Amino acid sequence: MSSLTIRPATAVAGTVAVPPDKSITHRAFLLGALSDGPVVVDDPLASEDTRATLAAVRALGAGVEGDIASGRVVVSGRGVRGLAAPPVIDCMNAGTLMRLLTGIIVGQAPGEVTVLDGDDSLRTRPMARVTVPLSAMGAAVVPAEDGRPPLAVRPGLPLHGMVHDLPVASAQVKSCLLLAGLAAEGDTWVREPVASRDHTERMLRAAGVDVMERDGMVGVHGPVPGLQLPDLRVPGDFSSAAFWIVAGVLRGDPAVRVTGVNLNPGRTGLLAVLRRMGADVEVHPGPDVAGEPAGDIVARSRGILQATEVGAEEVPSMVDELPLVGLLGALAAGTTVVTGAGELRVKESDRIATVVELLRAVGVEADEREDGFSVRGQMFIPGGEVRAHGDHRLAMLGALAGLASQSGVTVHGMEAAAVSYPRFVDHLGAIGGVAG
C-alpha cells in the first residue's frame, strides 16, 4: 500500500483535461458488443474498471481491436442475442460492469450458467436490487449469501417486459433492466423516485432503439431486432473534474479550468450546490460529444462559502460528488448537512462512515447520520493522516484535503485513485499541488 503526503497550497491555477468519462466508456464497450458490426470508441477511459469491462467484452465473444491506453478501441459486436458467456467473468472492482452485464447476459441465447465475480470490495455490494426485478421478468439470477456477489446467471430463459418501481434511484439498476428489456417480450418500464443519470438511454437512442418516456417512466419495447451504435468519442468525466472544480473553489487564484467535460444535467448537481454555497464557478458549453453535452468549467476562490443542505432529490445527480460536499462544508460558514444518501453505504466503501472518518482524521468536526452526514464549518483544516479504504474517491478526497489544509495530509492507500484516475497525482502537480 502506497502512502503520499500532500502539502498545503495557498493558490492553485492552470488547465486540466480530465480522464474520459467512466460511465460512458463502460456503456460504449457493452453496447458495442451488442451492436451489429464494429464500433470505434475514441478516447475511452484507461482504468482498472474499464479494462475489466473490455476483458468481459472479449470473454463474451465480441471482437476487440486496439489498445485502451492508445486512445482507440474497435469493438466488433455480435448482435443483441449473439454473445456467448464463459463459465466465469471477473468484474474486479467494477460495480457498474457487474450490474449492467447481468442484464445483458440474461438476454442472450440459451447456454450454461455464467458466474460473475469480483474482488473483496465488489463482493460486499448489494445485488438484490437487480436480481429481484430480473427474476420477476423470468430470468435466473442467483446471488450468493445476503444477495451479494458472486452471481450465477443463466442466459436464454424467456423474459417478459413489466413495470419496475425502483425504491431508490439508480442509473446502474435502471440500465440493467433496460438492457434486459432489449431481449424481453413486450414493454419494459422503469420508474424512479427521482430521475438518475441517463447515459444508457442516450446511447440506446444513438444505436437506433426507440426509448420511450411516459408518466415519469423510461422504457423499451422488446425484443429489439438489432443495435447500430455509431462510432463515438468519450467526453471528460464530470466526477473526475469535480475534484479540480472544488480545488479551484477552495484555492483557485486566478482560476482552475477543466476542459472537455461531460455536462449531462443528470451528472452536474454539484454545480448547483456550489453556486448555492456562494462559489465562483463558470460553465462554458461546447459542442455535444457522443450525444452528450460537453464544455469547459472555470472555478475561482472568491469570498467565504456558506453552509448548505443537500437532500434526497439532489443525490442522484451528484452521488459520487457527495464526499466533496463534506470537504466544502468544513471550509464554509455554518453546518452543512447531507441526507437521503443511503446509497453511499454501499459504494466501494461505506462512504458515509469513511468520509466522516477521513474528515475527523484531518481535524474537522463531522458526524454520521443514517442516510448522510453533517459537517460543522470551521474555516480551516488542520491536517493529519487518512486511509483510503481501497476507495478511489476517498484517496482523491484525502489529497484535496491536504491541498486545503494547514499542515498537509498523508493518504495511506493512494494507489486506489487508479481505479478511475490513474494520473491524478500528476494533474495535482500540474495545478500547483505538491506531493511527496
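Hydrogens, waters and symmetry mates play no part in the numbers below; they use all other heavy atoms, side chains included. Here the structure is a predicted model, which means the values were calculated and not measured. Along the sequence shown, the residues carry numbers beginning at 1.
- A salt bridge does not link Arg205 with Glu292: every distance from a Lys NZ or Arg NE/NH1/NH2 to an Asp or Glu carboxylate oxygen is 4.0 Å or more.
- For Pro223, the side-chain contact (heavy atoms from CB on, under 4.5 Å) criterion is met by Glu185, not counting sequence neighbours.
- Contact check on Asp119 versus Arg125 returns no salt bridge, with no Lys/Arg side-chain nitrogen under 4.0 Å from an Asp/Glu carboxylate oxygen.
- Judged by distance alone, the side chains of Glu321 and Ser239 do bring a donor and an acceptor atom under 3.5 Å apart.
- In terms of modelled atom types and a separation under 3.5 Å, the side chain of Asp350 and the main chain of Ala353 share a donor-acceptor contact.
- Each of Val12, Leu250, Val409 was evaluated against Leu403; a single residue qualifies, Val12, per the side-chain contact (heavy atoms from CB on, under 4.5 Å) test.
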Going by atom type alone, with no hydrogens or angles, which donor-acceptor pairs under 3.5 Å involve a side-chain atom of residues 23-30 and a protein atom two or more places apart or on another chain?
from: Ser23; atom 1: OG; to: Arg197; atom 2: NH1; distance (Å): 3.3
from: Thr25; atom 1: OG1; to: Asp21; atom 2: O; distance (Å): 2.7
from: Thr25; atom 1: OG1; to: Leu45; atom 2: N; distance (Å): 3.1
from: His26; atom 1: ND1; to: Thr53; atom 2: OG1; distance (Å): 2.7
from: Arg27; atom 1: NE; to: Thr200; atom 2: OG1; distance (Å): 2.7
from: Arg27; atom 1: NH1; to: Ser23; atom 2: O; distance (Å): 3.0
from: Arg27; atom 1: NH2; to: Ser175; atom 2: OG; distance (Å): 3.4

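- Note on ring orientation: taking the six-membered ring where Trp is involved, the planes of His427 and Tyr421 are perpendicular (angle over 60°, cut-offs 30° and 60°).
- Counting all heavy atoms, side chain and backbone alike, Leu324 lies closest to Ala242 at CD1-CB, 3.7 Å.
- Across every non-hydrogen atom of Pro38 and Val74, the tightest pair is CB-CG1, 4.0 Å.
- The 12-atom threshold is not exceeded at CG of Asp120, counting heavy atoms of other residues, nucleotides or ligands nearer than 6.0 Å.
- Partners of Thr102 under the side chain to side chain donor-acceptor pair (under 3.5 Å) rule, at least two apart in sequence or in another chain, do not exist in this structure.
- Legend: residues meeting side-chain contact (heavy atoms from CB on, under 4.5 Å) with His221, ordered by chain and number and at least two apart, are Asp187, Met212.
- When the side chain to side chain donor-acceptor pair (under 3.5 Å) test is applied to Arg369, no partner is found at least two apart in sequence or on another chain.
- Among all heavy-atom pairs drawn from Ala139 and Val106, the shortest one is CB-CG1, 3.7 Å.
- Summarising the geometry of Pro422 relative to Ala46, their closest heavy-atom pair is CG-O, 3.3 Å, with the distance given to 0.1 Å.
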Acceptor/donor pairs from residues 107-116 side chains to any protein atom, 3.5 angstrom cut, sequence neighbours excluded:
from: Gln108; atom 1: OE1; to: Gly82; atom 2: N; distance (Å): 3.3
from: Gln108; atom 1: OE1; to: Leu83; atom 2: N; distance (Å): 2.9
from: Gln108; atom 1: NE2; to: Val80; atom 2: O; distance (Å): 2.9
from: Gln108; atom 1: NE2; to: Ile104; atom 2: O; distance (Å): 3.1
from: Thr114; atom 1: OG1; to: Pro86; atom 2: O; distance (Å): 2.7

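- A donor-acceptor pair under 3.5 Å links the side-chain atoms of Arg78 to the main chain of Gly61, judged by distance alone.
- Between Lys347 and Asp391 there is no salt bridge, since no side-chain N of the basic residue sits under 4.0 Å from a carboxylate O of the acidic one.
- In this model, no donor atom of one side chain and acceptor atom of the other lie less than 3.5 Å apart for His199 and Glu201.
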